[in-house]
Amino acid sequence: ERNIGFVFQHYALFRHMTVLDNVAFGLKVRPANRRPPAADIRKRALDLIDLVQLSGLEKRYPAQLSGGQRQRVALARAMAVEPNVLLLDEPFGALDAQVRKELRRWLREIHDRTGHTTIFVTHDQEEALELADRVVVMSKGTIEQVGTPDEIYDHPVSPFVYGFIGQSNALAVTLANGEIWFEDRPIGLRAPTEPDGPATLYFRPHDIELIDGCGGCLAGLVTASRRVAGTRHLELDLGRNHPHAEIELP
């Protein structure tokens with residue numbers, strides 16, 4: 001009735017209906033004065049099945065499809081009514097990592113081709129940054145920041161956003177006359193607009209350079225090293241109290 005398309009996290013397909021009938025459902029249940037002819041409904045459903053790359057599977061039932069295929073059917077069903085806005089509630093949450101990556105690239109292409117205004121809810125920051133034109137970061141029901149993916153990542157406005165979007169480290173420091181001190185010495189960084197006293201320094205792992213012996217740097221002890229795909233993650237203990245820091249290397 002509101003002409004809104006909705007894609008659920010767990011598909012919510014009609015198990016007793018074929019792929020074709022699932023996609024056509026929203027058009028078939030319209031009031032008679034708004035319902036297209038049966039031939040037009042079938043043509044639109046088949047066109048959408050082709051758009052979501054499921055041609056040839058229109059006679060199958062949901063139980064005969066993989067998770068990724070079911071979610072494509074759910075998206076086609078939501079788009080069939082030509083919605084004013086498309087709502088996706090963690091639509092890839094039930095899928096494995098590789099399928100998620102494939103589907104989000106595909107979803108971005110679909111969005112660019114159809115132009116539907118889309119609100120995509122996700123806990124996966126990488127998913128949000130890759131898909132969105134505009135990101136809204138929320139915490140405990142409150143909006144923390146709104147901006148482009150670049151703005152959110154490069155200029156976070158709160159510790160929550162900094163910690164939630166992308167990998168980050170936090171180091172307990174002290175501010176004195178605009179200089180940042182770690183334990184008993186300055187570290188060569190300034191924050192002239194911040195008040196003196198205890199503070200927290202946030203930084204990205206990829207902004208760190210590891211050097212074997214130097215003056216004016218933070219000394220640390222490597223405590224763990226593990227490979228994650230094409231990067232290597234190192235954990236270091238820094239300073240006397242050994243706060244934890246995680247560094248990512250290419």
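From a predicted model like this one, the values you see are computed outputs, not experimental measurements. Values below: all heavy atoms of this structure, side chains included; hydrogens, waters and symmetry mates excluded.
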D212 atom CG, neighbour heavy-atom count above 12 within 6.0 Å
no
Does one hydrophobic cluster hold both L20 and F25, with members joined at side-chain heavy-atom distances below 4.5 Å?
no
Can you name the nearest heavy-atom pair linking I165 to Q125, along with the distance?
C-OE1, 3.3 Å
Given the side-chain rings of F160 and Y162, with only the six-membered ring counted for Trp, is the space between their centroids under 6.0 Å?
no
I'd like to know if the side chain of R227 and the backbone of A229 have a donor-acceptor N/O pair within less than 3.5 Å.
yes
Would you say the side chain of L221 lies within less than 4.5 Å of the side chain of L236, judging by non-hydrogen atoms?
no
Find out whether the Lys NZ or Arg CZ of R77 is both under 6.0 angstrom from the six-membered ring centre of F6 and within 45° of the ring's axis.
no
Hey, quick one: are F203 and V222 part of the same hydrophobic cluster, counting side-chain heavy atoms closer than 4.5 Å, chains of contacts allowed?
yes
W106 vs R72 side-chain heavy atoms within contact, under 4.5 Å:
yes
Kindly say whether E235 contributes a backbone atom to a donor-acceptor pair with the side chain of T223 at under 3.5 angstrom?
yes
Trace of the side chain to side chain contact (heavy atoms under 4.5 Å, CB included) decision for E126 with K101:
CA-CA 10 Å; E126 188 177 316; K101 288 184 178 180; 4.1 Å; yes
I'd like to know if R105 and E130 make a salt bridge, using a cut-off of under 4.0 Å between side-chain N and carboxylate O.
no
With a 4.5 Å heavy-atom cut-off, do L131 and L107 have their side chains touching?
yes
I'd like to check L65 versus R60 (side-chain heavy atoms, cut-off strictly below 4.5 Å). Are they in contact?
yes
Any side-chain heavy-atom pair from P205 and N169 closer than 4.5 angstrom?
yes
Rounding to 0.5 Å, atoms OG1 (T174) and CG (D196) come to a distance of 10.0 Å
Minimum-distance pair of heavy atoms, taken over all atoms of V81 and N3
O-OD1, 3.2 Å
Main-chain N/O of A80 paired with R44 side-chain donor or acceptor, under 3.5 Å
yes
Have T122 and E90 got a donor and an acceptor in their side chains that come within less than 3.5 Å?
no
Would you say S225 and R232 are linked by a side-chain donor-acceptor pair, where the criterion is simply a distance under 3.5 Å?
yes
Output the distance between atom OG (S168) and atom CG (D207), rounded to the nearest 0.5 Å.
11.0 Å
Keeping the roles fixed (side chain from H116, backbone from N84), state whether a donor-acceptor pair exists under 3.5 Å.
no
Quick check: do Q71 and Y11 have side-chain heavy atoms less than 4.5 Å from each other?
yes
Single-linkage hydrophobic cluster, 4.5 Å side-chain cutoff, L46 and I41 together:
no
Heavy-atom nearest pair, M79 first then I110, reads SD-CG2, 3.7 Å
M17 backbone acceptor or donor facing N22 side chain under 3.5 Å
yes
Please assess L27 against R35 for the test side chain to side chain contact (heavy atoms under 4.5 Å, CB included), listing each intermediate value before the final yes or no.
CA-CA 6 Å; L27 296 173; R35 188 186 312 143; 5.9 Å; no
Is it the case that atom CG in N177 sees more than 12 heavy atoms from other parts of the structure closer than 6.0 Å?
no
Less than 4.5 Å apart, side chain to side chain, heavy atoms only: is that true for Q69 and L57?
yes
Please lay out, stage by stage, how T118 and L88 fare under the test side chain to side chain contact (heavy atoms under 4.5 Å, CB included).
CA-CA 7 Å; T118 304; L88 298 97; 2.9 Å; yes
Cation-pi check, R204 to Y153: give yes when NZ or CZ is under 6.0 Å from the six-membered ring centre and within 45° of the ring axis, no otherwise.
yes
Check the hydrophobic clustering (I, L, V, M, F, W, Y; side-chain heavy atoms under 4.5 Å; chains of links allowed) and say if L103 and L129 are grouped together.
no
Atom CG in L13, atom CZ in F8: separation rounded to 0.5 Å?
10.5 Å
Ignoring hydrogens, what is the shortest heavy-atom contact between P149 and A132? Give both atom names and the distance.
CG-O, 3.3 Å
Within this structure, what is the OG-CZ distance for the pair S158 and F164, rounded to the nearest 0.5 Å?
11.0 Å
Determine whether L171 and L218 make a side-chain contact, defined as any pair of heavy atoms from C-beta on separated by less than 4.5 Å.
yes
NZ/NE/NH1/NH2 to OD/OE distance under 4.0 Å, R108 and D133:
yes
Any link between V136 and F120 through a network of hydrophobic side chains (Ile, Leu, Val, Met, Phe, Trp, Tyr) touching at under 4.5 Å?
no
Walk me through whether V146 and V135 qualify under side chain to side chain contact (heavy atoms under 4.5 Å, CB included).
CA-CA 6 Å; V146 180; V135 178; over 6 Å; no
State whether the side chain of Q64 and the backbone N or O of Y61 hold a donor-acceptor pair below 3.5 Å, judged by distance alone.
yes
Hey, does the side chain of E109 reach the backbone of R104 with a donor-acceptor pair shorter than 3.5 angstrom?
no
Does one side chain, of D50 or S55, offer a donor that lies under 3.5 Å from an acceptor on the other?
yes
Working to the nearest 0.5 Å, report the span between CD of Q53 and CD of E102.
10.0 Å
Quick check for you: to the nearest 0.5 Å, what is the distance between I4 atom CD1 and L86 atom CG?
10.0 Å
Might you point out which heavy atoms bring A199 and L175 nearest each other, and give the distance in Å?
CB-CD1, 4.0 Å
Checking D47 now: which residues fulfil salt bridge (Lys or Arg N to Asp or Glu O under 4.0 Å) with it, not counting sequence neighbours?
K43
Check V7 against P91 and note the closest heavy-atom contact, atom names and distance.
CG1-CB, 4.0 Å
